[in-house]
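Reading through the C-alpha cells given below for one structure.
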Amino acid sequence: MSEENKKETTSGLEIDKVYFKKEYDLENPGEFPFTRGVHAGMYRDRFWTMRQYAGFSTAEASNERYHYLLKNGVTGLSVAFDLPTQIGYDSDDEMAMGEVGKVGVAIDTLEDMERLFKGIELEKVSTSMTINASGFILLAFYVALAKKQGADISKIKGTIQNDILKEYAARGTYIYPPKQSMRLITDIFEYCSKEVPKWNTISISGYHIREAGSNAVQELAFTLSNGKAYLKAAIEKGLDINVFAKRLSFFFNAHNHLFEEVAKFRAARRIWAKITKDLGATEKKAQMLRFHTQTGGSTLTAQQPHNNIVRVAIQTLAATLGGTQSLHTNGYDEALSLPTEEAATIALRTQQVMAYESGVTDTVDPLAGSYFVEDLTNRLETEALELIEKIDVMGGSVEAIEQGFIQDQIAASAYKYQKEIESGEKVIVGVNKFETDDKTDIPIMKIDAAIEKEQVAKLTELKNRRDNDKVELLLSQLKEKAQTTENLMPHVVECVESLASLGEIAHALRDVWGEYKG
C-alpha cells in the first residue's frame with residue numbers, strides 16, 4: 001500500500017483496504033470474558049442510564065438544572081464540582097479566589113449538599129459524582145444527606161469517581177501523596193461494602209487520560225493498569241475481591257474513530273475479565289467491566305461549533321455499539337463555555353434518538369462478527385496487554401507514575417496528534433479544512449462573579465452558628481485516626497454531620513500527611 005493511501009486508527013494501527021473472513025471465538029453476551037457485553041439482553045432489556053454532567057455556580061442554580069434535566073428524561077444525575085471543591089479548599093480560602101462556581105458547583109458543607117439535592121430523593125435517583133482527591137468527603141456529605149432525608153443508605157445508588165492515580169498521571173487535582181490517597185480509596189471500598197453496598201466505590205477513568213492526549217491503546221492500558229493497582233491495594237488490605245470488585249466501575253472516552261472506539265470497549269471488557277480472574281475473582285459480577293462513557297471533550301471545536309453536534313452523535317453511536325452502561329453527551333458549545341440549557345437538551349435528545357429511533361438497541365453487540373471490528377478488538381487487546389506488561393515490570397501503575405513513564409507516553413502521543421493537525425495530515429473539519437470567516441454567534445453561559453461573595457457569606461454564617469467546639473474536637477480526632485490504620489470514613493461522616501466544612505477536613509489530613517508536589 002502506498003503511503004498516500006495508508007490508513008491508520010488514532011492509535012497508529014494500520015487499517016487494511018478490505019477484511020476477509022476469519023474464525024472468531026465469540027462467547028454469548030453476559031458470559032466470561034464479556035466481549036459482547038456484561039448482560040445477556042443488554043439494551044433489549046434496559047437502555048443505558050442517560051446522564052447529563054451538570055453543576056455550576058451555586059447549589060441552588062445547579063439544583064434548578066437537575067430538576068430541568070429530570071423533567072426532560074434524564075435517568076441519572078452527574079455532578080460537576082468547582083476546582084476549589086475538587087482540591088479540598090473552602091470557598092472562603094484565598095486559594096479559591098476567582099474559581100468559586102466556575103467549572104462546577106461549589107460545595108463547602110452538608111447544607112450546600114442539601115441545597116444541591118433539594119426536592120430530589122436520594123433513594124430514588126442514581127448520582128454520579130466526578131470528584132477524586134476530596135471524593136471521600138463528598139461521599140460523606142451524600143451519605144449524611146441520605147440519612148437526614150430518612151433514606152435507607154443500604155439502598156442508595158451512585159458512583160464516586162475516586163480515581164486518584166489518573167490525577168497524578170493526567171489531570172493534576174490531587175492533594176495527598178499516593179500512599180495516603182490509596183489508603184483513603186481502600187477505606188471507601190471497605191466502608192461501602194458494609195454500609196452502602198449498592199454504591200460504586202470508584203470509577204476508574206480513562207476519560208481524562210484520553211483528554212490529556214493519549215491514544216486509544218494507551219487509554220485502555222493505563223486505565224486497566226490503574227484498575228489492577230486498586231485491586232491489589234484492596235487485596236493487600238484484606239478485602240475480598242469477590243465483594244469489592246463488584247462495585248468497581250470504569251469511565252471511558254468516546255472519540256471520533258467509530259470502529260476503533262467500539263473495538264476499544266469490547267477489548268476493555270475482555271482484558272479486565274482476565275485481570276480479575278488472575279487475581280482471584282471467581283464470581284461473574286466481580287469479573288465484569290461496567291463503564292460510563294462521556295463523549296470526547298477534546299474533540300469539540302470552538303470554530304463552527306454546530307459541527308460538534310455531529311461529532312457527539314458519532315461518539316454516542318460508538319458508546320452504544322460498544323455496550324456502555326451509562327452515557328453523558330457533551331453540549332455543542334462546551335469548547336466556549338459551560339453548556340447552555342439549549343445545548344444540554346440537544347445533547348440529551350441525541351441519546352434519546354439513538355435509543356428510540358436508530359435500531360442500535362434492537363440486538364446485542366450489533367457489530368460482532370464484522371471482520372474489521374473483530375480484528376481491531378484483537379489488535380487493541382494485544383497492544384494494550386503489551387503496554388500493561390511494561391507497567392507490571394516497573395512494579396505497577398504507582399511506580400510507573402512516580403517514574404514519569406505514563407506521563408511521558410501521554411505527552412508524546414499528544415504532541416504527535418497536535419503535529420498531525422498543524423500539518424493538515426489529520427483533518428479537523430472547520431479548523432484546518434473547510435474553514436470559513438463567519439464569526440461564532442451562539443449564546444454563551446456566563447457565571448456571575450457575585451456568586452463567590454454569596455457562597456462565602458453562607459459559609460461564614462454557618463461557621464458562626466454551629467457548635468465550633470464539637471467541630472474542633474472531631475477534627476482533632478480525625479488527625480489522630482489518620483496516624484493509625486483505622487478506617488476513616490465513619491469519622492469523616494461524623495465530621496460532616498457536625499457541619500465541619502470540606503476545607504477543614506481536607507486541611508486536617510494535610511496537617512498529618514502533607515501535600516504531594518509531583
Side-chain angles (χ1 to χ4, degrees), residues 1-15 17 53 207-219 252-265 293-322 327-340 342-351 353-354 357-358 360 367 372-373 376 413-445:
M1 184 183 293
S2 68
E3 283 298 315
E4 292 77 16
N5 291 326
K6 185 178 179 180
K7 301 291 182 184
E8 294 181 340
T9 70
T10 62
S11 301
L13 302 180
E14 192 167 327
I15 299 171
K17 181 178 179 181
Y53 186 46
Y207 183 84
H208 300 98
I209 290 170
R210 191 66 174 274
E211 289 291 287
S214 80
N215 60 39
V217 166
Q218 292 168 333
E219 182 188 356
F252 286 112
N253 199 303
H255 236 251
N256 281 337
H257 195 294
L258 176 68
F259 299 104
E260 182 176 42
E261 293 302 291
V262 173
K264 178 187 77 180
F265 298 133
T293 309
Q294 182 173 338
T295 56
S298 61
T299 69
L300 302 176
T301 62
Q303 302 92 327
Q304 302 179 26
H306 288 101
N307 295 345
N308 295 327
I309 297 173
V310 181
R311 293 184 179 105
V312 169
I314 292 168
Q315 294 160 9
T316 300
L317 182 60
T320 51
L321 287 171
L327 178 62
H328 163 77
T329 34
N330 291 325
Y332 70 85
D333 55 0
E334 288 190 59
L336 299 165
S337 71
L338 291 170
T340 59
E342 179 201 46
T345 301
I346 291 172
L348 175 59
R349 295 289 181 256
T350 302
Q351 294 198 51
V353 169
M354 198 68 65
E357 298 184 30
S358 71
V360 165
L367 293 185
F372 181 32
V373 170
L376 271 182
S413 176
Y415 179 65
K416 177 177 180 289
Y417 186 76
Q418 186 60 34
K419 280 182 67 178
E420 289 172 350
I421 292 173
E422 291 177 5
S423 69
E425 182 183 347
K426 175 73 177 174
V427 173
I428 307 294
V429 174
V431 175
N432 61 4
K433 195 162 187 171
F434 312 115
E435 304 103 310
T436 65
D437 294 327
D438 297 341
K439 291 185 178 180
T440 298
D441 185 23
I442 61 173
I444 300 296
M445 183 174 176

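- Legend: residues meeting side-chain hydrogen bond (donor to acceptor under 3.5 Å, both in side chains) with Glu8, ordered by chain and number and at least two apart, are Lys6.
- The shortest non-hydrogen separation linking Ala254 to Thr293 is CB-CG2, 3.6 Å.
- With sequence neighbours excluded, the residues satisfying side-chain contact (heavy atoms from CB on, under 4.5 Å) with Val360 are Leu317, Thr320, Leu321, Met354, Ser358.
- Taking CD1 from Ile314 and OG1 from Thr299, the interatomic distance works out to 9.5 Å, rounded to the nearest 0.5 Å.
- A 6.0 Å sphere centred on CD of Glu435 holds more than 12 heavy atoms belonging to other residues, nucleotides or ligands.
- With sequence neighbours excluded, the residues forming a side-chain contact (heavy atoms from CB on, under 4.5 Å) with Ala347 are Gln52, Thr329, listed by chain and number.
- For the pair Ser11 (side chain) and Leu13 (backbone), a donor-acceptor distance under 3.5 Å is absent.
- The side-chain contact (heavy atoms from CB on, under 4.5 Å) search around Ala414 returns none, not counting sequence neighbours.
- In this structure, Thr10 and Arg210 have side chains that are in contact, with non-hydrogen atoms separated by less than 4.5 Å.
- Checking side-chain atoms of Gln218 against main-chain N and O of Ser413 turns up no donor-acceptor pair under 3.5 Å.
- Listed by chain and number, the residues in a ring pair (Phe, Tyr, Trp, His ring centres under 6.0 Å) with His255 amount to none (sequence neighbours excluded).
- Contacts of Asn215 classified as side-chain hydrogen bond (donor to acceptor under 3.5 Å, both in side chains), with partners at least two apart in sequence or in another chain: none.
- Tyr207 contributes a side-chain N or O that, together with a main-chain N or O of Gly297, makes up a donor-acceptor pair within less than 3.5 Å.
- Across all non-hydrogen atoms, the minimal contact from Phe434 to Gln304 is O-NE2, 2.9 Å.
- Listed by chain and residue number, Gln315 satisfy the side-chain hydrogen bond (donor to acceptor under 3.5 Å, both in side chains) test with Asn256 (two or more places apart in sequence, or in another chain).
- Scored by the side-chain contact (heavy atoms from CB on, under 4.5 Å) test, Ile309 finds His306, Tyr332, Ile346 as partners (sequence neighbours excluded).
- Among residues at least two apart or in separate chains, salt bridge (Lys or Arg N to Asp or Glu O under 4.0 Å) pairs with a member in residues 415-425 are Lys416-Glu420.
- Every residue two or more places apart in sequence or in another chain was checked for a ring pair (Phe, Tyr, Trp, His ring centres under 6.0 Å) with Tyr415, and none qualifies.
- No side-chain heavy atom of Ile428 sits less than 4.5 Å from a side-chain heavy atom of Gln303.
- A donor-acceptor pair under 3.5 Å is absent between the side-chain atoms of Asp333 and the main chain of Ala343, judged by distance alone.
- At least one donor-acceptor pair under 3.5 Å links the side chain of Asn432 to the backbone N or O of Lys426.
- Contact annotation: the side chain of Phe259 never approaches that of Thr9 to less than 4.5 Å [non-hydrogen atoms, C-beta and beyond].
- Between Thr301 and Arg311 there is a side-chain heavy-atom pair separated by less than 4.5 Å.
- Of all non-hydrogen atoms in Gly296 and Asn253, the two that sit nearest each other are CA-OD1, 3.3 Å.
- Side-chain atoms of Ser298 and Glu211 include a donor-acceptor pair closer than 3.5 Å.
- With values rounded to the nearest 0.5 angstrom, Ile421 atom CD1 is found 14.5 Å from Lys433 atom NZ.
- With sequence neighbours excluded, no residue satisfies salt bridge (charged side-chain N to carboxylate O under 4.0 Å, His left out) with Glu260.
- With contacts defined as side-chain heavy-atom distances shorter than 4.5 Å, the pair Thr316/Leu327 qualifies.
- Not counting sequence neighbours, Ser337 has no partner by the side-chain hydrogen bond (donor to acceptor under 3.5 Å, both in side chains) test.
- Lys264 places no side-chain N or O within donor-acceptor distance of the main-chain N or O of Gly322, the cut-off being under 3.5 Å.
- Put simply, the side chain of Val312 reaches to within 4.5 Å of the side chain of Leu300, judged on heavy atoms.
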